[in-house]
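So the structure is just underneath, and the comments pick up after that.
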Amino acid sequence: MRIPVGVLGATGAVGQKFIKLLEGHPWLEVTQVAASERSAGKRYADVVSWKQNTPIPAAVRDLEVRPCTPDLACRIVFSGLDASVAGEVEENFARAGAIVLTNSRNHRMDDDVPLVIPELNHDHLGLIPVQRRKRAGDGYIVANSNCSTMFLAMALGPLHRAFKVEKVFVATMQAISGAGYPGVPSLDILGNVIPFIGGEEEKMEVETRKILGRFKGESIELADFAVSAQCNRVAVEDGHTESVSVKFARKTTVEEITEAFQDFSGPPQRLGLPSAPERPLIVMSEKDRPQPRFDVNHSNGMAALVGRIRPCPVLDFKFTVLGHNTIRGAAGASILNAELLKAQGFLD
Ligand SMILES: NC(=O)c1ccc[n+]([C@@H]2O[C@H](COP(=O)([O-])OP(=O)(O)OC[C@H]3O[C@@H](n4cnc5c(N)ncnc54)[C@H](OP(=O)(O)O)[C@@H]3O)[C@@H](O)[C@H]2O)c1
């Protein structure tokens with residue numbers, strides 16, 4: 001028996017990715033789909049503008065799209081809701097006893113909401129009992145990070161443990177699919193770079209520090225380093241590329257950094273979670289990789305790819321990291337979080 005789950009925002013870019021990734025999942029089965037009043041009451045296949053490269057799963061195609069009210073016949077919901085509505089809707093579900101795994105920004109920085117990357121900070125799930133107590137309910141919200149934060153945090157995690165990060169500069173080149181569907185107008189992005197993504201730099205600068213922060217029993221103490229982010233939208237379909245420079249408290253070398261990336265793994269790998277990549281970080285040695293066109297689907301989109309590790313004349317070292325924004329940067333991350341919750345008894 002698989003666990004029935006619902007997808008909120010099921011018609012959107014992230015919602016579709018949930019439905020695609022959960023097809024044939026060994027533990028979880030999509031039985032409910034929900035979206036806005038525009039879509040509610042209609043057959044999923046009739047209302048969705050399906051943009052995945054596999055057909056709509058047969059089990060979902062004929063489902064009736066429900067409104068996002070917490071009377072869905074499932075206790076676990078994945079949220080790919082637009083941020084304009086996600087905050088209130090997710091709270092309503094959690095208050096009604098649902099377990100909400102969200103991609104939206106609204107609750108990520110709440111004191112009692114774990115912002116989780118299972119390889120890095122599974123201990124932050126200790127906030128779940130705190131959240132249940134504070135909000136007086138059985139339900140709870142677990143968030144995954146903003147998509148560009150995901151790859152920065154995955155790369156910095158093992159380096160922070162080994163050499164203690166002090167300062168970070170990051171410039172991103174972010175795919176169009178990161179803006180949802182229909183997203184950025186083609187006339188704005190074709191042959192162009194847009195050096196502004198609303199709120200993105202602020203999210204990278206603070207979420208990274210929460211993820212790499214310390215669980216203190218009732219809250220998270222933010223990691224003690226500064227991040228300066230510059231975010232750009234580029235004409236790439238899928239995959240966020242990030243150029244990162246880092247200063248460390250301890251002396252290190254390119255070889256040690258490479259080793260820290262290569263040796264990085266965590267609970268998803270140890271527990272053999274169904275969506276876990278064999279290695280969360282893949283080091284590429286070619287001088288011109290990683291590139292989104294060739295590398296973004298490595299490990300089914302669940303790994304981050306690092307390359308170009310070299311000294312930095314201003315800070316200490318610099319490198320490039322790439323990841324799939326709607327898989328490991330969104331739906332795949334939530335699904336991995338759900339698998340971790342199940343493995344640790346939080347779905348019982
Ligand atoms: N795209 C990415 O790479 C990415 C990565 C990480 C996080 N995120 C976050 O994930 C969330 C979804 O992003 P997306 O790219 O999938 O956006 P999207 O393609 O615009 O989809 C938004 C979804 O929200 C639903 N929605 C909109 N207004 C609603 C309302 N008033 N009530 C209920 N549902 C409503 C839409 O339903 P209708 O079709 O019925 O309008 C649609 O299903 C956002 O918060 C975004 O910041 C996105």
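Whatever order the structure lists them in is the order used to number ligands and atoms, beginning at 1. Please read all numbers here as calculations on a predicted model, not as lab measurements.
Look at R43 and E64 and you find no salt bridge, because none of the NZ, NE, NH1 or NH2 atoms lies under 4.0 Å from a carboxylate O. Taking 4.0 Å as the cut-off between side-chain N and carboxylate O, R132 and D112 do not count as a salt-bridged pair. Salt bridge D110/R135: present, at least one basic N to carboxylate O contact under 4.0 Å. Checked for salt-bridge contact, E207 and K210 miss the test: no charged N lies under 4.0 Å from a carboxylate O. Of the charged side-chain nitrogens involved, none lies within less than 4.0 Å of a carboxylate oxygen, so that R310 and E255 do not count as a salt-bridged pair. In summary, R105 and E202 do not engage in a salt bridge, as defined by a charged side-chain N under 4.0 Å from a carboxylate O.
For R66, the CZ atom counts as densely surrounded, since its 6.0 Å shell holds more than 12 non-hydrogen atoms of other residues, nucleotides or ligands. Environment of CG in D224: sparse, with no more than 12 heavy atoms of neighbouring residues, nucleotides or ligands closer than 6.0 Å.
Of the protein's heavy atoms, A13 N, 2.9 Å lies nearest to atom 19 (O) of ligand 1. In this structure, atom 3 (O) of ligand 1 lies nearest to the protein heavy atom N325 ND2, 3.1 Å. Among protein heavy atoms, the minimum distance from atom 21 (O) of ligand 1 is reached at G12 CA, 3.2 Å. In this structure, atom 40 (O) of ligand 1 lies nearest to the protein heavy atom S39 OG, 2.4 Å. With hydrogens left out, the protein atom closest to atom 24 (O) of ligand 1 is D82 N, 3.3 Å, a heavy atom. In terms of protein heavy-atom proximity, atom 29 (C) of ligand 1 is nearest to S36 CB, 3.6 Å. At the shortest separation from atom 31 (N) of ligand 1 among protein heavy atoms lies V85 CG1, 3.2 Å.
Residue contacts with ligand 1 include R38, since one of its heavy atoms falls under 4.0 Å from the ligand.
I309 is listed as a side-chain neighbour of V283, based on a closest heavy-atom distance under 4.5 Å.
Atom numbering of ligand 1 starts at 1 in the shown order; those under 4.0 Å from a heavy atom of G329 are 5 (C), 6 (C). Within ligand 1, counting atoms from 1 as listed, the ones closer than 4.0 Å to a heavy atom of A35 are 33 (C), 34 (N), 37 (O), 40 (O). Close approach of ligand 1 to T326 is summarised as follows: ligand atoms under 4.0 Å from at least one heavy atom of the residue are 1 (N), 2 (C), 3 (O). Less than 4.0 angstrom separates some heavy atom of A330 from each of these atoms of ligand 1: 5 (C), 6 (C). Within ligand 1, the atoms closer than 4.0 Å to a non-hydrogen atom of Y181 are 19 (O), 20 (O), numbered from 1 in the order shown. Those atoms of ligand 1 with a heavy atom of A83 less than 4.0 angstrom away are 45 (O).
Residue G9 places at least one N or O, backbone or side chain, under 3.5 Å from an N or O of ligand 1. Considering backbone and side-chain N/O atoms, S104 comes within less than 3.5 Å of an N/O atom of ligand 1.
No side-chain donor from either of E242 and T172 sits under 3.5 Å from a side-chain acceptor of the other.
For atom 11 (C) of ligand 1, the choice among N103, V48, N144, L81 with the nearest heavy atom turns out to be L81. Summarising the contacts of atom 39 (O) of ligand 1 with T11, V7, V89, the nearest heavy atom is found in T11. Of the candidates G180, P67, G80, the one placing a heavy atom closest to atom 22 (C) of ligand 1 is G80.
Residue contacts with ligand 1 for V14 involve both N, CA, C or O and side-chain atoms from C-beta outward (heavy atoms, distance under 4.0 Å). With a heavy-atom cut-off of 4.0 Å, S177 touches ligand 1 through its backbone alone.
For atom 46 (C) of ligand 1, no protein non-hydrogen atom is found at a distance below 4.0 Å.
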Assess whether side-chain contact (heavy atoms from CB on, under 4.5 Å) is satisfied between L340 and L271, documenting all intermediate values. CA-CA 9 Å; L340 179 71; L271 295 165; 4.2 Å; yes
Applying salt bridge (charged side-chain N to carboxylate O under 4.0 Å, His left out) to R308 and E286, what does each step give before you reach the verdict? CA-CA 8 Å; R308 306 215 60 226; E286 297 89 334; over 6 Å; no
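Ring centers of F225 and H160: under 6.0 Å apart, within the cut-off.
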